[in-house]
Every structure is written in structure tokens, then in C-alpha cells.
Amino acid sequence: MEKEQLFQKINENIEDLEIIENEMAMIELAIYQKSIEGVKEQKLQEIKEFFEQQAKYYYQKTDKYQIEIDKNIKMYERQIEKLMNAYDKLYITTFKIMQSAINNQKIAIANIVTLVAEKENKDVSSTIIALAQKKLNYAVIVDECRERLKWCRENAQRDINEVFRHHVHQLQIYEESIIDKLRRFVFNRISGKSKYRKFLENYQMEYIKDIKRKNNEKILVVMATLKGIIKQMEKVKMQITIEYEQMKVQ
């Protein structure tokens with residue numbers, strides 16, 4: 001195979017690799033988004049069951065209180081979305097940093113191929129070595145980003161599960177004695193309606209307030225992590241550029 005054909009084949013392989021890597025990256029992004037959306041739907045289902053269970057405890061039907069229930073669920077959902085948005089920003093920013101590093105690796109490889117083709121005409125050995133090192137250095141950023149994306153996927157689900165927790169079966173009605181059930185039935189037939197309505201009215205103060213506090217703490221950690229990643233990666237990119245310029249002139 002002629003040298004020009006060989007270099008053309010290498011360039012084609014680089015392009016094919018880029019397509020494959022982009023497809024894999026997009027699949028990973030889709031998996032992350034789907035998994036987080038799945039956790040959100042699970043939490044919304046849990047809170048609906050929670051209101052259902054409370055209604056049964058007070059011998060009430062939820063359709064009579066749907067406006068109040070929907071209002072509470074909406075506040076609950078907004079808090080979930082706030083935490084999801086924080087993690088989405090962290091994930092997508094890290095993802096873009098990783099993609100930029102991968103692109104810089106490809107540029108370095110393409111430049112090496114070009115310089116190798118010109119090597120017979122001029123001395124470019126130091127630049128080739130500098131580019132090879134540059135490619136390796138960007139690999140450090142790619143690996144670090146992959147670890148951060150993995151952390152993001154795992155922590156997002158864990159934080160949502162920690163903050164938005166309802167013990168759906170916490171009332172343990174089935175463990176009551178027959179006398180206790182009869183007593184509760186009589187009591188709630190008289191005051192169950194007012195008790196359940198009061199529960200729904202107080203939900204914002206008793207539950208949402210606590211959720212907001214925990215949620216804000218988690219979001220602060222995520223934003224601090226994002227800020228740290230951006231700062232760290234900018235520093236590493238600066239070091240890569242400096243090292244590359246120094247190696248070229250050696």
C-alpha cells in the first residue's frame with residue numbers, strides 16, 4: 001500500500017472512530033436521562049400512594065380532595081425537578097468537557113499523521129513527540145470525566161431517594177386489633193373528613209418545608225462539585241498547552 005493511501009486509511013479510521021464514540025456517548029446520555037426520569041416517576045407514584053393510604057386511614061375518598069392533592073404533588077414534583085436540573089447541568093457540562101478532550105485527542109492524532117507524512121522533508125520529530133504527549137494528557141481528562149459521569153449517575157438516584165422518601169406502608173393498619181380498627185372507624189366516621197383535609201392543608205409545612213431544606217443542601221453540593229470540575233479541567237488544559245509548547249522547541 002502506498003504511503004498516501006495508508007495515511008488516507010488512517011484518517012478514515014479516525015473518522016469512523018469518532019462516529020462510534022459519538023454514538024456511544026449519546027447512548028450513555030440517553031440512559032442517564034431515562035434512569036433519572038424513571039426515579040422521578042417512581043417518586044411521584046409513591047406520593048400518590050401515600051395520599052391514598054392516608055385517605056384510607058381516615059376513611060375518605062381521594063377524588064373529593066383532588067385539587068388539594070394535586071397542589072401538593074405539584075410542589076413535590078417541582079422540588080424533584082430542581083435536584084434533577086442541578087444534576088443535569090453537572091452531567092451535561094462534564095459530558096461537553098469530555099467530548100472536547102476527545103476531539104483534541106483526534107486533532108493531535110490527525111496532526112501526527114500529517115507531520116509523519118512530511119517528515120522526509122523537514123525535522124518535525126519534537127513536534128510529533130509533543131503531539132503524542134498531548135494526546136496522552138487529554139486522555140487523563142477523558143478518564144476523569146468518565147468517572148465524574150459515573151458518580152453523577154449513581155449520586156443523582158441516591159440523592160433523589162434520600163430526599164424524597166415516603167414510607168407508604170408506615171401506618172401499618174393491618175397490625176391493628178379488631179377493637180382498635182372499630183374504634184378508629186367510629187372516630188374517623190365523625191372527624192375523618194376534617195382530619196384528612198387538615199393533613200392536606202398542613203402538608204406544605206410539615207413535609208415540603210423539610211424536603212426543600214434537604215433538597216437545597218444536595219443542590220449546593222452538586223453546584224460546588226460542578227464548579228470544582230470546571231476549575232480543575234481549565235487548570236489541566238492550561239498545563240497541557242504549556243507542556244506542549246515547551247516540548248515542541250526541545
Side-chain angles (χ1 to χ4, degrees), residues 1-36 85-158 221-250:
M1 184 181 294
E2 295 293 332
K3 187 181 292 186
E4 290 183 2
Q5 291 178 320
L6 177 62
F7 291 143
Q8 183 179 352
K9 189 67 176 176
I10 292 173
N11 283 326
E12 289 174 357
N13 289 339
I14 292 172
E15 290 175 1
D16 290 342
L17 180 61
E18 181 177 3
I19 292 171
I20 293 170
E21 286 179 342
N22 286 337
E23 288 177 350
M24 290 177 61
M26 295 309 297
I27 290 171
E28 288 178 358
L29 178 58
I31 291 172
Y32 160 75
Q33 291 174 332
K34 186 175 181 180
S35 66
I36 297 303
N85 289 339
Y87 270 106
D88 283 350
K89 188 172 183 180
L90 173 60
Y91 192 98
I92 292 171
T93 301
T94 305
F95 182 84
K96 288 180 178 178
I97 293 172
M98 182 182 73
Q99 287 300 99
S100 176
I102 291 173
N103 288 336
N104 278 311
Q105 285 183 301
K106 292 167 186 169
I107 292 170
I109 293 171
N111 288 337
I112 289 172
V113 172
T114 301
L115 289 175
V116 168
E118 298 175 354
K119 193 173 180 183
E120 292 179 358
N121 302 323
K122 55 184 176 180
D123 184 15
V124 290
S125 298
S126 59
T127 304
I128 292 173
I129 294 172
L131 285 167
Q133 185 60 49
K134 188 177 186 180
K135 191 270 180 187
L136 293 174
N137 289 340
Y138 272 109
V140 174
I141 293 182
V142 173
D143 290 342
E144 178 65 20
C145 286
R146 290 194 188 280
E147 287 301 313
R148 290 293 185 176
L149 292 176
K150 180 182 177 183
W151 178 90
C152 191
R153 288 192 295 269
E154 294 172 352
N155 269 53
Q157 295 187 45
R158 186 175 65 193
V221 172
V222 175
M223 291 296 99
T225 302
L226 174 57
K227 186 177 179 180
I229 290 173
I230 294 172
K231 186 176 180 179
Q232 178 189 10
M233 293 306 160
E234 288 298 327
K235 184 178 179 180
V236 172
K237 284 193 287 185
M238 181 68 71
Q239 290 172 343
I240 291 173
T241 301
I242 293 171
E243 183 177 356
Y244 171 70
E245 295 298 331
Q246 290 175 340
M247 291 184 69
K248 276 202 310 181
V249 297
Q250 289 179 358

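As a basis for the values below, the full set of heavy atoms in this structure was taken, side chains included, without hydrogen atoms, waters or symmetry mates.
In this structure a side-chain-to-backbone donor-acceptor pair under 3.5 Å is present from Thr225 to Val221.
Tyr138 places none of its side-chain heavy atoms less than 4.5 Å from the side chain of Lys106. Residues Arg148 and Met233 fail the side-chain proximity criterion, which asks for heavy atoms closer than 4.5 Å. Put simply, the side chain of Val236 does not reach to within 4.5 Å of the side chain of Val140, judged on heavy atoms.
Residues satisfying the side-chain hydrogen bond (donor to acceptor under 3.5 Å, both in side chains) criterion with Gln105, sequence neighbours excluded, are absent altogether.
At a cut-off of 3.5 Å, with distance as the only test, no side-chain donor of Gln99 or Asn103 sits close to an acceptor on the other residue.
Of all the heavy atoms in Met223 and Ala86, the pair that sits closest is CE-O, 3.6 Å. Minimum heavy-atom separation, Ala101 to Ile141: CB-CG2, 3.7 Å. The two residues Ile97 and Cys145 come nearest to each other via the heavy atoms CG2-SG, 3.7 Å.
Between Lys231 and Glu234 no salt bridge is recorded (no basic side-chain N to carboxylate O distance below 4.0 Å).
Atom NZ in Lys135 sits 8.5 Å away from atom CD1 in Ile112 (nearest 0.5 Å). Atoms OG1 and CD, on Thr241 and Glu243 in that order, are 10.0 Å from each other to the nearest 0.5 Å.
With respect to Tyr32, the ring pair (Phe, Tyr, Trp, His ring centres under 6.0 Å) criterion is satisfied by exactly one of Tyr87, Trp151, Tyr91: Tyr91.
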